[in-house]
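This report concerns only the one structure given below.
Please read all numbers here as calculations on a predicted model, not as lab measurements.
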Amino acid sequence: MATFLYRIGRWAFRRRRLVGGLWLGALVLAIAAAMAPAGEEEDLSMPGTESQKAFDLLDERFPQSNSQGAEARLVFQAPDGQQVTASQNKAAVEDTLGSLDGGDQVASTTDPYETGAVSEDGTIAYSTITYTESAVDLTEPTKSALEDAANQARDAGLTVEIGGSALETEEEPGGTTELIGVAVAALVLILALGSVVAAGLSLLTAIVGVVISFGLITALAVPLGLTSTVGILALMLGLAVGIDYALFITSRFRDELAQGSEPEEAAGRAVGTAGSAVVFAGATVFIALVGLGVVGIPELTRIGMGGAGAVALAVLVALTLVPALFGFFGSRRILTRKVRKVRKVREATRPGSECPHRAPVATGRPGLGTRWARFVLRRPVPVLMIAGLGLGAVALPALSLELGLPGDETKSTQTTERRAYDLLSEGFGPGFNGPLTVVVDTPESGDTRAATDQVVQTVRGLDGVASVGDPVLSQSEDTAVLTAVPETAPTSGETKDLVNEIRGAVSGVEADTGAAVLVTGATAMNIDISEAMSDALIPYLSVVIGLAVLLLMVVFRSVLVPVKAALGFLLSVGAAFGVLVAVFQWGWGADLIGIETTGPVMSLMPILIIGIVFGLAMDYEVFLLSRMREAYVHGASPGEAVVGGFRHSGRVVAAAAIIMVSVFAGFIGIHMPTIQTMGVGLAAAVAFDAFVVRMAIVPAVLALLGHRAWWLPRILNRVLPNVDIEGEELSRRVPASATVPDAAVRPLPVGRHRH
């Protein structure tokens, strides 16, 4: 692989105008594709669950109620000391609804006084407005008419809030916090590379990859049902890994230049060595994200595919556009000023009749990475204990992890949706915002009404049920549907217990009547998805760890290194889960990121974070240990290999981790529960994995294992393919002397050199 990528690197350097033109064309097409209309946000579904089966049955038996239009809920509250049923307040409500009835895109409005949508104390009422179009297709005049109607009632002295989907908007990337994350990444790149040109190159290539992937996702949003979450995750991942991959190849290119290689040769060697690590690191992220499809949630599958596509594009950009830009920018501007001076002195004193030799630039005091590696080698046991126990302590809150799906209750109190949610809870009870739908399906010969009556009596007799509505029969009278309102909030543990209790209690009715009784609704669906996520967590984690061990065994030709990497991955993921529980469930530091209401962690997050962090953790494992393995196979002792790995890659890995943490943290400012949770979880996981696991635990374990760290049984050595990630084959087939002087007018073809 190293030799193949070496040729790609040199080809891209020589054909830089062609490569640059192709990527520029792709960029223009992606920007044009991004002008396509956005996809509509879809409700989560979980095929195979009871709630999803009930939803599908309702679509079949009650097609007339399966409206795809948006819905708004106007919630009215009378002034203090008054009732909403008072004549003047009732007139204000009716005038407000009258201004909407028959309006453009309005399908229907309900009268709260006719439907009984008035609280027991008479202070709060609500009306449901349905539209003929989905939320994304509602026009601005339609939305303005809804807001004007609410303001009309407010002018009459009522408190009015708007719930439902009609006014829902998704925040788009490009806000202040995301820009701060990118700015921090740019600053770290400049400090790490010591060159504005080199830093700009890494940032530019990452942005190119992100724009192209974001444009493709936008273009495919409607036909594939991709939501804004898919696009934002692709943007987040593509930007983070794109900068990191370009940074690793640029850093290796600079090392090759500093050792005397001609620019084209340096580009080939950088792509052949660091590029091999990029390919395997990207492959781990890609496989882990694509593997999310096995969970069975369509939205999670789409998120995984979108993120995997962005990562794959970042790898292609790093392998082709980055070396092409080396040719455009020129080698000298990519090096630091200090190295350029050393090269100038060396070239001035080099005899013209001799071939240049790859000699490392002399350095003074060892760098921080070298000093840290030597410190860990001297004290591996204390470092290992402190790092391991520290991560274990941070992971302890994860034992209290609760999963759920957020609703309007998690939104800021500054939003009208949240205030509408609170008013409905106050007037009709906390369970009103999460009603349960019970579906009774009888065989053709069954008595639907009798079976439904038994279900109603059974459900009403359960503790925790606030009310049960009158059943509605389908046109064929073989299916009935009724609504049960819990006494507790949708995300509470008591509501989850009630759903399970209803399902258990109606089993007797099913046995007596032969009817099938299913519990569904948004609340039941959320509970089913959360349970499915919990059940899938351990199997998915096992698959991911097994994949990590197998892949790293192939890469590093070792048994213990992969096992160590998998255990370190578990520590970093556990600590990240601990942070999520502390912030989103317990509220520690929640005010700092704008979270006003705590509750269960979003049910998709654990598996999603495992998939992403697995790939990113293997990134740093591959980048750091590939230099150690490279030194070891070239004759260095285990300790020298560790020091060599940190000397060459420690600073770059640290910079890459800071960049990735900054990018992920920048998305916390987007007030979407999915993105905020993902931002916190990924930023914490990357920080723990890069700075604690890879920088402390890895060298400590390698110091204790010594030569055994790189042991591989003979049978595995014969069976496993040799991917040569450290470039040993490249060094034999393309000797170091195959470089040409920097003064060459044009690059020579691969394999030619002159004296």
Side-chain angles (χ1 to χ4, degrees), residues 49-55 57-58 62 65 73 75 110 112 115-126 128 163 402-405 407-409 420-442 448-474 479-513 515-531 599-600:
T49 60
E50 177 176 322
S51 52
Q52 186 62 48
K53 292 177 182 177
F55 271 128
L57 183 62
L58 289 175
F62 295 86
S65 64
R73 184 174 280 175
V75 186
T110 62
T115 60
V118 180
S119 62
E120 289 186 4
D121 61 5
T123 60
I124 298 175
Y126 70 89
T128 300
E402 297 178 3
L403 301 180
L405 289 174
D408 286 345
E409 74 279 1
Y421 178 95
D422 291 341
L423 282 178
L424 291 172
S425 296
E426 177 185 343
F428 301 93
F432 183 82
N433 287 292
L436 304 175
T437 301
V438 182
V439 182
V440 183
D441 184 35
T442 58
T448 303
R449 294 184 182 277
T452 302
D453 289 341
Q454 290 189 46
V455 171
V456 171
Q457 294 176 4
T458 301
V459 174
R460 281 178 177 166
L462 297 177
D463 293 335
V465 176
S467 64
V468 178
D470 294 333
V472 177
L473 270 65
S474 63
T479 306
V481 59
L482 56 97
T483 300
V485 178
E487 294 179 349
T488 51
T491 58
S492 69
E494 291 85 353
T495 302
K496 177 181 177 180
D497 294 338
L498 177 62
V499 170
N500 293 329
E501 189 175 355
I502 292 175
R503 288 171 172 170
V506 297
S507 59
V509 178
E510 293 177 319
D512 293 340
T513 64
V517 183
L518 307 173
V519 181
T520 187
T523 299
M525 175 63 78
N526 293 348
I527 291 172
D528 286 349
I529 290 178
S530 298
E531 290 183 347

* If every non-hydrogen atom of P486 is compared with every non-hydrogen atom of L498, which pair is closest and at what distance? -> CB-CD2, 3.7 Å
* Structure fact -> For S530, the side-chain contact (heavy atoms from CB on, under 4.5 Å) test, sequence neighbours excluded, returns L403, S603
* Asked: What are the two closest heavy atoms between T520 and S51, and how far apart are they?
  -> OG1-O, 2.9 Å
* Closest non-hydrogen atom pair, P490 against P430 -> CD-O, 3.6 Å
Distance-only check: which donor-acceptor pairs under 3.5 Å involve side-chain atoms of residues 450-465, not counting sequence neighbours?
unit_1 : atom_1 : unit_2 : atom_2 : d
T452   : OG1    : T448   : O      : 2.7
T458   : OG1    : Q454   : O      : 2.8
R460   : NH2    : V468   : O      : 3.2

* To do: Supply the atom-to-atom distance E426 CD to D121 CG, rounded to the nearest 0.5 angstrom.
  => 7.5 Å
* Under a 4.5 Å cut-off applied to non-hydrogen side-chain atoms, are E531 and T49 in contact? -> no
* By ring-ring contact (aromatic ring centres under 6.0 Å, His included), which residues pair with Y126, not counting sequence neighbours? -> F428, F432
* side-chain hydrogen bond (donor to acceptor under 3.5 Å, both in side chains) partners of T479, counting only residues at least two apart -> R61, D441
* Give me the one residue out of V438, L436, D470 that meets side-chain contact (heavy atoms from CB on, under 4.5 Å) with L482. => V438
* Structure fact -> Residues at least two apart in sequence or cross-chain that pass side-chain hydrogen bond (donor to acceptor under 3.5 Å, both in side chains) with S425, listed by chain then number, are N433
* T123 to S119 - nearest heavy-atom pair and separation -> N-OG, 3.3 Å
* To do: Would you list the pairs meeting side chain to side chain donor-acceptor pair (under 3.5 Å) in which at least one residue belongs to residues 496-507, sequence neighbours left out?
  => E50-R503, R503-D528
* To do: May I ask you to test the T442-T513 pair for a side-chain heavy-atom distance under 4.5 Å?
  => no
* To do: Would you indicate whether the side-chain heavy atoms of V519 and V506 approach each other to under 4.5 Å?
  => no
* Asked: How far apart are the closest heavy atoms of T110 and T128, and which atoms are they?
  -> OG1-N, 2.8 Å
* To do: Identify the two heavy atoms, one from A420 and one from V75, that lie closest to each other, and give their separation to 0.1 Å.
  => CB-CG2, 4.0 Å
* Listed by chain and number, what are the side-chain hydrogen bond (donor to acceptor under 3.5 Å, both in side chains) partners of T488, not counting sequence neighbours? -> S492, T495
* To do: Decide yes or no for E402 and T491: does some side-chain heavy atom of the first lie under 4.5 Å from some side-chain heavy atom of the second?
  => no
